[in-house]
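In what follows, residues are counted from 1 in the order of the sequence shown.
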Amino acid sequence: GLLSRLPILEHEQLHLSPDRPDLRAVVEHGGQAATILVAHPPPPRLSRQGVVFDLTTIRQIERLAVTAVETAPAVLLGDFNMTTGNPIYAWLESLGLVDAFLQAGVGRGVTFPVRLGKTRRVNHRLSWLPLPPMARIDYIWHSGNLTSLAAWVGTGAGSDHLPVFARLSLPVVTEKE
């Protein structure tokens, strides 16, 4: 979901992956429109090659990233279930997207896990067992024409992830006379 104190000019669900809709919204700030993409790709699976994303998930992330680049200024945020060592992370950077936490955050920015999630394999009473976060898998990416002023990890709010926040700057566009 998306909460915004800026006016939302338009919004739509994007059905790029079965049962995992993403969100595209356009917000207005200072007379300028900016695209916001909220993503939640499926987690990777364990295979003989290690932990890998299926092809549908890779295509979903690719389409979201290309949309962000094509509709700049844009922000692409969400639970990407990958670390900075993942080849998809490097590909997002190669497109010109900027990791807000890498640009303006302090510390490791770890967001996961905060607790055991609800799974069939874990006794429900243990699902709230607190854990120290060890990986950064939640991101706020933005197009290169935005600037990260600050980025930080928030405190838990009931999820097995910690929230990530960023303060971004959109350059002022002046009209030529």
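- In plain terms, the two heavy atoms of P41 and D79 that are nearest each other are CD-O, 3.2 Å.
- A donor-acceptor distance shorter than 3.5 angstrom exists from the side chain of D22 to the backbone of H40, with no hydrogens or angles considered.
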Derivation and outcome, side chain to side chain contact (heavy atoms under 4.5 Å, CB included), residues V153 and V110: CA-CA 8 Å; V153 174; V110 294; over 6 Å; no
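- Surrounding NE2 of H15 are more than 12 heavy atoms belonging to other residues, nucleotides or ligands, all under 6.0 Å away.
- Within the 4.5 Å cutoff, side-chain heavy atoms of T56 are placed close to those of P18.
- Evaluation of the side chain to side chain donor-acceptor pair (under 3.5 Å) test over residues 85-96, restricted to residues two or more places apart or in two chains, returns Y89-D99.
- The minimum heavy-atom distance linking V26 with A33 is given by the pair CG1-CB, 3.7 Å.
- Scanning both residues, A135 and T83, for their nearest heavy atoms gives CB-CG2, 4.4 Å.
- L102 has its side chain out of reach of W141: every pair of non-hydrogen atoms, C-beta onward, lies at least 4.5 Å apart.
- Annotation: side chain of L14 is in contact with side chain of L64 (closest heavy-atom distance under 4.5 Å).
- No side-chain donor-acceptor contact under 3.5 Å links T35 to the backbone of A68.
- Looking at every heavy atom in both residues, S4 comes nearest to V27 through OG-CG1, 4.0 Å.
- For F101, the ring pair (Phe, Tyr, Trp, His ring centres under 6.0 Å) criterion is met by no residue, not counting sequence neighbours.
- Both I140 and L170 belong to a common hydrophobic cluster when Ile, Leu, Val, Met, Phe, Trp and Tyr are linked at side-chain heavy-atom distances under 4.5 angstrom.
- By the neighbour-count criterion of 12 heavy atoms within 6.0 Å, atom CZ of R20 is densely surrounded, having more than that number from other residues, nucleotides or ligands.
- Looking at heavy atoms from C-beta onward, L92 lies in side-chain contact with I61 at the 4.5 angstrom threshold.
- Cluster annotation: V38 and L168 are assigned to the same hydrophobic cluster (Ile/Leu/Val/Met/Phe/Trp/Tyr, side-chain heavy-atom contacts under 4.5 Å, transitive).
- Residues F165 and I36 do not share a hydrophobic cluster, defined by chaining ILVMFWY side chains whose heavy atoms lie under 4.5 Å apart.
- Remark: side-chain polar atoms of Q32 are paired, donor with acceptor, to backbone N or O of P171 under 3.5 angstrom.
- Applying the side chain to side chain donor-acceptor pair (under 3.5 Å) definition to pairs two or more places apart or across chains, those involving residues 44-53 are S47-Q49.
- In terms of modelled atom types and a separation under 3.5 Å, the side chain of Q60 and the main chain of S17 share no donor-acceptor contact.
- E70 meets the salt bridge (charged side-chain N to carboxylate O under 4.0 Å, His left out) test with no other residue; sequence neighbours excluded.
- In this structure, the side-chain contact (heavy atoms from CB on, under 4.5 Å) partners of F112, at least two apart in sequence or on a different chain, are I137, D160, H161.
- Heavy-atom minimum distance, E10 versus R24: OE2-NH2, 2.8 Å.
- Under the side-chain contact (heavy atoms from CB on, under 4.5 Å) criterion, S169 pairs with T147, L149, sequence neighbours left out.
- Put simply, L77 and V66 are part of two different groups of oily side chains (I, L, V, M, F, W, Y) that touch within less than 4.5 Å, one to the next.
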